[in-house]
Amino acid sequence: MEIKLRNVLFFFRKKLLQIIMRTFIFLLCTTVFGLTSENILSQNAKIKITEDKVITVDEVFEIIKMQTDYRFIYKSDLFKDFPKVFVKRGTIKANDLLRESLSKGDFNFNFTTKNTIVIKASVPVVLQETNISGQVVDENGVPLPGMTVYVTNQKPSGERINQDFLVRGTATDFDGKFTLLAEVGYYLVASGLGYEFHTEQITADKTIYNVSLKERASALDEVIVVGYGTTVKKDLTGSVGSVRSEDIQQIKSQTIDQALVGRISGVHVNSGGGAPGSGNIVHIRGLSQLTGDNQPLYVVDGIPIMLNPSFSEDGLGISVFGDRENPLLSINPDDIERVDVLKDASSAAIYGSRAANGVILITTKRGKRNQAPQFNFSYNTTIQNPTDKLNYLNAEQYRTFAEGWAPEVLANSFFPEFLWPVFHPNEYQIVNDPDNYFGEADTDWQSEILNRNAIWNQYNFSVSGGSSSTNYLVSATVNEQEGILIGNKFTRYNFQTNLDSQLKDNLKVGASVNYNYSVNKQSGIGSLADANYRPDLGIFDENGNYTESIGAFELNRINPLGNEAKIKNKALAQNLFGSVYGELKLLKDLKFRSQLNIGVSNDKSTVFVPSFTSRALFNEFFGQGGASLQVQTTESITTSFNNTLNYNATIFENHKIDAVGGISWDRNFINLEGQTYNGFPDDEILTNIQSANRVSEFSSDATEFGLNSLFGRINYNFKDRYLFTFTGRVDASVKFGPENRRGFFPSAGFAWNVHNEGFFKENNIVSNLKLRASLGRTGVDNLPAFSFEPKYISLGNGDSFYNGVNGIAVPDVPNQGIKWESTDQLDLGLEFGLFNGRLNGELVYFEKNTSGLILLVPIPAETGDSEWSANIADVSNKGWEIALNADIIRSEDFSWNSAFNISFIKNNVDALNGGSLLRSFGIAEGEPIGYIRGYEVDRIAQTQQEIDDLNANAPSGMYFSEVALQPGDYIFKDISGPGGVPDGEITSDDLTNLGDISPDFYGGWNNTLTYKNFSLGLNFQFVEGSEKQFSPIARLGFPRAYENQLDLILETWTPENPDATYARLGSGTHSPDFGRVATSKSVGDGSYIRLRSASLGYNLPNDLISKIGLNRARISISGNNLFTITNYPGQDPENVPAINPGGGTTGLVSDSGLSYPQIRTFTFGVDLSF
Amino acid sequence: MKNIKFIYKYLIFLMVASFTSCQLTKDIDDYENLYTLNAFDAISDANSAELALVGVYSGFKQRSTASGLPELFILPSILSGVGTNNNPNDVELQGYVTNNPIPQGSRSNLGAYTRMYDLVNRCNWLIQGMNDLDSSEFSDPDRHAEILAETKAMRATANFYLLRLWGQFYDSNSMYGIDVRTTPALSNEAFPRNSVTETYDIILEDLDEAITNAPDFISKLDMSKVYAKALKAKVLLYKGDYTQAATLAKDVIDNSGSNFALAPTYAEIFDNTTDATFNSTEYVFITGGGPGVFIGIENFWGGFFAAPSPTFTGLIASGVTDVNGQLISYDGDRVSSMFGFTNFKFGRPYPRIYHLRMAEIYLIFAEANARANNSVTSDALGALNMVRLRAGATTTGGDGFETYPATISLAQFLDAVRIEKMVEISGESGEEWFDLVRYHFVDGFDVTTIKESATNPDKYILPIDLQTIEAGGNVIEQNPGYN
């Protein structure tokens, strides 16, 4: 092989020593940090070559000796048979000449005296040749075609292999296989774009080299999906966080939202409960909507999904009663390749009026070209249990409580004594005939209603592959998940298939179809609160019937197993997603792409409530007695038609332009229907609609809305140093009034890759340094369509029904100016990579100022309405995000990657401008969204004297006028008064902020450790400073003697227990103002640290599995929510209300103890590829 | 070249798609609001007009998402002391109990005010729609005028309810009428108040059209000529035009046909057990509730909002008028011996709001006639005694629940009419309060003799909640005494 050296003109001999020294360092130095710079020898010393010629290495030394003072000492035959060198006329740097000349061998250099260098061969000169072969696969055992495999005589010290040491090489074939001639002692290297490089020394006793390449993690070249296109991480000017499939799978969830937990800075995920398929709450960079759910826009392969579309005037989603299945069930987490989260305006503004809460882009898996069919089968079985139980009293404790409390109830009754047996049957009997009242049993109803060790089986089969022009993927998944409460079973089937084909050189088409079908069966037992049945009663009485007692409203209540457990809920959801696209290369740099997406989501939920249940008995009050059947159907169709032109070119070498412009039509149709049928002949069989006596309720809601948009993005990159991104979108929507029919959402981003600057000295420490800034505007459009239009409608809830006819009316005054809520966002970021990319980090500051938030605003009532929805309020979010990612250990057998992120966000309602919410708690000017308003508890009153003294000093004569205080009541702190100073009594001036739902900070710590074939993942999540009201504490004010109580009541004040945590049972101070006001004691600290997931995997050795025809076999065990450190008083700090219409954020301020318990899981999994 | 062809073809496809309004590329302006009718052209035929009319009638019902009804009918009864509220924490209601209504932050007051304007607005939408609709759209061409007349009768009712609770209805020189709206509200613009006289003029104009064109009788849940006449009589009584009021009331009593007459017994008027009693001859106009048709009056009188006050029940149980030595008691057993006020007048399951019933017409006639003639005519006395006789009064000439004798003085007679209303129609629509107010301004009657705390005549009418005044940029002027 000839080596061409050119332009040899000058030389400077004085520099040669340095050159040689650097050569030496270059050749010998291998460090953990892999110093691989090829330019380390760069010096000015030049060697002049007078003419083109082919010379031996010995002659090279001669030339150097002639032109410098250097001497070389080496074995005379050391360079015999060494490849000759072709030198070209001109000058060449001395080090280049030397290096190029010696590059084909492995040599030791020794400096003896000044200017003398001893060169010895470091490897045996005589090499044993051997034929090796093998296969290159990815981590999942999928063969990788087209990977580079070569033999080198230098131990490669980093990813960038010096081509000069390459002996010979090849590429893997269709099946990832290769054969190669190699020399024992040399090194085999396998590498490929997007994969980490692999090397091992060739030994005499081994000829089969099966190589598993890791996909390159955290590389700057990672392709990021940014909406209507992709980019690479190093070219980003905005804040985008990503999660890849292997991380997604560590969290056991039916929907993708949960899997983002703790992974991305600025993204806060709160579990919506442990019910199979339940939706979660994702808040990106704080809260900015006062009405609505503050959840991001989801875009699955181009199809937008809105979780809680707005129908009703108060912006709180669905107005029809009943439940809708979680729309995210339309995508199976296993089918997802990656999730990219657009956080800042520069990246999100391409989604314009829907993007202010962030955008979550979901990309599903596709097959790869040039790949043999790859079959994959996986099986997972998961055992689920609650993260915690509630602490109920046992039978003895319950009896003590009931016997103590019942006389109190009677003593405070409004009813005359002779009516007590009628209106207080339980208490009356407890007092007068306790032995016949209490049973002998000691039943733990929690155990009875829990389905312990609930099983979740998951089977997935997929095949993918591709030819040189086409790739495909077909996948099927079956999920059978039991819930942890009895009677709950979730079954899900999912099919996914997609195809991409390069039809011609300039034309590519593709299509995908994704179908999900799920059935969610549940009983009426929805939370551990259903276990509040009397523990002194057994499950069955002596006749074998379910036990019964008198419950609320003097109605007989059967125990939960014979009562709520007999209610049958069934929710059926079907989702079909499909898309087709064509991509045409118009010019070399110009592509046109047209994509049509269609999503269909239908669900139907039915609830059958048998006539003997408490719920049915209670409905008698509303004239709807007997068994009832509630039916709700939702039908939703989304189409999105996008046409884009993409221009991607490099002009004059230094100017790179990547631009996309497009036009899109998005259309949504949602129809909801609900009916309640009443009066069935029996509770078991004749429960179909036709058997009902009557329809008692019926309602519907439907909306069709369109969003027609023009959008564009220009990325301009100068010399990889200066990056500019300009984005703009114009949205025209049927939600915006005629005065604001079109919204424009611009953004600009700038990034400076400092490390690419000429002045930035090459060094061992900093390998990447980027500063970035972006500014832009996005919106939220979650308001009802056509609210600006005066319209005749039949009003909801039968409001326009009169005299036998359902009339029509114009119900309100239309606001012609209604529009999106607008968010201006600033994002400043610093990204760095240290130690050759082994430590990467990001530090970001952001500010989000949202204005024009929609609230109810007073208008002149002479219009017929006293308020309307208008864009009026201002909210701001400011925060810091820090993310670090380190390869703490990176060696051949052992690696440890650790990623840590933390986000600090401060949220504030800047101005309400007179606006209000229909359900107006949790919002006040100057306080964060979802703050808890209440009284600070100072102490518990111990003596009447103490209270009399307080009253004596109160201007009104009553320290707390709402309640006549007694010993054992809370004494609230007198914080302020009419004059802004404490006035000696508790009034509304003393209400204060007792906390808010937004964490002060949150984040995650994610670790991946691998040792040979083992891998271990440990993912922690933490939340600090999130508060919510735990209602059972407030309910200590009015416990019911006929229900079991939480052990909180053991912590209540009695004269014998003066240091108790809570005020006396029945105190009016537990829930001031009818429960509208909190006390500091009823606020729970929702902070926690939890081991969100841990997984241990083992890849069976290739030698072993290849014998049974497998490419890869992996077994794993994993767990979710293995431990939680928290002080939260409820079942779990993540619990949120079970019923929260439209997912309204302000509804999250209280945990009524009725949510489905959070779960802890253990999973065993097998994953086979063949 | 191939590419260009392709683009060309694709562009054609796009154009075709958009020109043919393919759903994929639907223009924003082509979207329609589902299951709604554009308010400007919704009233397009007989059917839509009838439905919109039902929509106006339903405006007297409780609205599930907003307050104001039935509070409108109960607030004056709290002012009069017939009803009371015992919740010390309800600042607003305590304001009515103590005759010192809060000028801002109210719920019931603002709600009631809004609900009546909501009704006016529904009327205005329908009137606008009807004006654009030809009478030939109706199988009976007269129905066009009838619908308009019914609508205007309802608008007059709403405006009257607004005027008497928020305007100085007792003073025809006052500028404190109401903002009379005759076109649909399309923006949040506020307009100043009309004078009291202007307000009366518009109410009477609407009623005159209703008297001419309204149906003779459909049901007691619908507007009729008789109702329009009866309401006009009441409005004229308020206005102080006693002669005309008496004439019209007499006309209603004498010439309304068999559908309108005093019911034979008092108890049957309040038979809420069935909707079969909706067409009692007693009623002139009612709003009827039932399963799924919520009017809320029964709940609201059930204690949490208001309950009959012991002062009131005590007063009517023990109250007597000494007519030349004959001690005539206010009430026999109309209120006290029945099932109790709340179960009785406002019980389930078919509660009703008694906007106007025949007994009141008799009493309107009695008062108007006496005032017009400045003496107790036999007609006037007869009308008052008619109501008492029906309630079980005897005519023995002795003490007790007796009819009033012809020897009664004018002043005593007028007071007897007022007391009769207070007993006969107590709590039904708050009429007894407006009597107190009228008597105060006409006769100098001392309201505090009935309601001790009603010391400030400025507060005989309610404030317009400051929220709405401010929202309108202070264009609406607050009632005196509330600033």
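Sequence lines set the chain letters: A, B, ... in the order given, protein chains first and strands last, and positions in each chain run from 1.
Options V810(A), V734(A), V813(A) differ in how many heavy-atom pairs under 4.5 Å they form with chain B, and the most are formed by V810(A). Note: D799(A) leads D799(A), I859(A), I793(A) in heavy-atom pairs under 4.5 Å with chain B.
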Problem set entry | Stepwise side-chain contact (heavy atoms from CB on, under 4.5 Å) test for V54(B) and F801(A) | CA-CA 8 Å; V54(B) 173; F801(A) 185 82; over 6 Å; no
For this session: Start with the C-alpha distance between E189(B) and T863(A), add both sets of side-chain angles, then the distance that settles side-chain contact (heavy atoms from CB on, under 4.5 Å), and finish with yes or no.
Result: CA-CA 8 Å; E189(B) 193 183 351; T863(A) 57; over 6 Å; no
For this session: Give the C-alpha distance, both sets of side-chain angles, the deciding distance and a yes or no for side-chain contact (heavy atoms from CB on, under 4.5 Å) between D701(A) and Y35(B).
Result: CA-CA 9 Å; D701(A) 220 331; Y35(B) 308 117; over 6 Å; no
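At a 4.5 Å heavy-atom cutoff, the contact between D666(A) and chain B is made by backbone atoms alone. Contact of E704(A) with chain B is made through backbone and side chain together, with heavy-atom distances under 4.5 Å. Looking at T639(A), the atoms closer than 4.5 Å to chain B (heavy atoms on both sides) all sit in the side chain, from C-beta outward. Of the two parts of S733(A), only the backbone, made up of N, CA, C and O, holds a non-hydrogen atom closer than 4.5 Å to a non-hydrogen atom of chain B. Neither the backbone nor the side chain of E470(B) has a heavy atom closer than 4.5 Å to any heavy atom of chain A. The part of L707(A) that comes within reach of chain B is its backbone (N, CA, C, O), which places non-hydrogen atoms under 4.5 angstrom from that chain. For F705(A), the part lying near chain B is the backbone, with the side chain staying farther off; criterion is any non-hydrogen pair under 4.5 Å. Contact annotation for N806(A): only backbone heavy atoms (N, CA, C, O) come within less than 4.5 Å of a heavy atom of chain B.
Once rounded to the nearest 0.5 Å, the distance linking OG of S794(A) with CG of L37(B) reads 8.5 Å. Annotation: the span from Y792(A) atom OH to D41(B) atom CG amounts to 11.0 Å, rounded to 0.5 Å. Distance check, rounded to the nearest 0.5 Å: OG of S219(B) to CG of N803(A) gives 5.0 Å.
Residues V805(A) and L51(B) form a side-chain contact, since some pair of their non-hydrogen atoms from C-beta on lies under 4.5 Å apart. Taking the side chain as every heavy atom from C-beta outward, W665(A) and K26(B) never approach each other to under 4.5 Å. In this structure, the side chains of P811(A) and R63(B) come closer than 4.5 Å at one or more pairs of heavy atoms. Residues L221(B) and Y802(A) form a side-chain contact, since some pair of their non-hydrogen atoms from C-beta on lies under 4.5 Å apart.
A search for salt bridge (charged side-chain N to carboxylate O under 4.0 Å, His left out) contacts involving D781(A) returns K735(A), not counting sequence neighbours.
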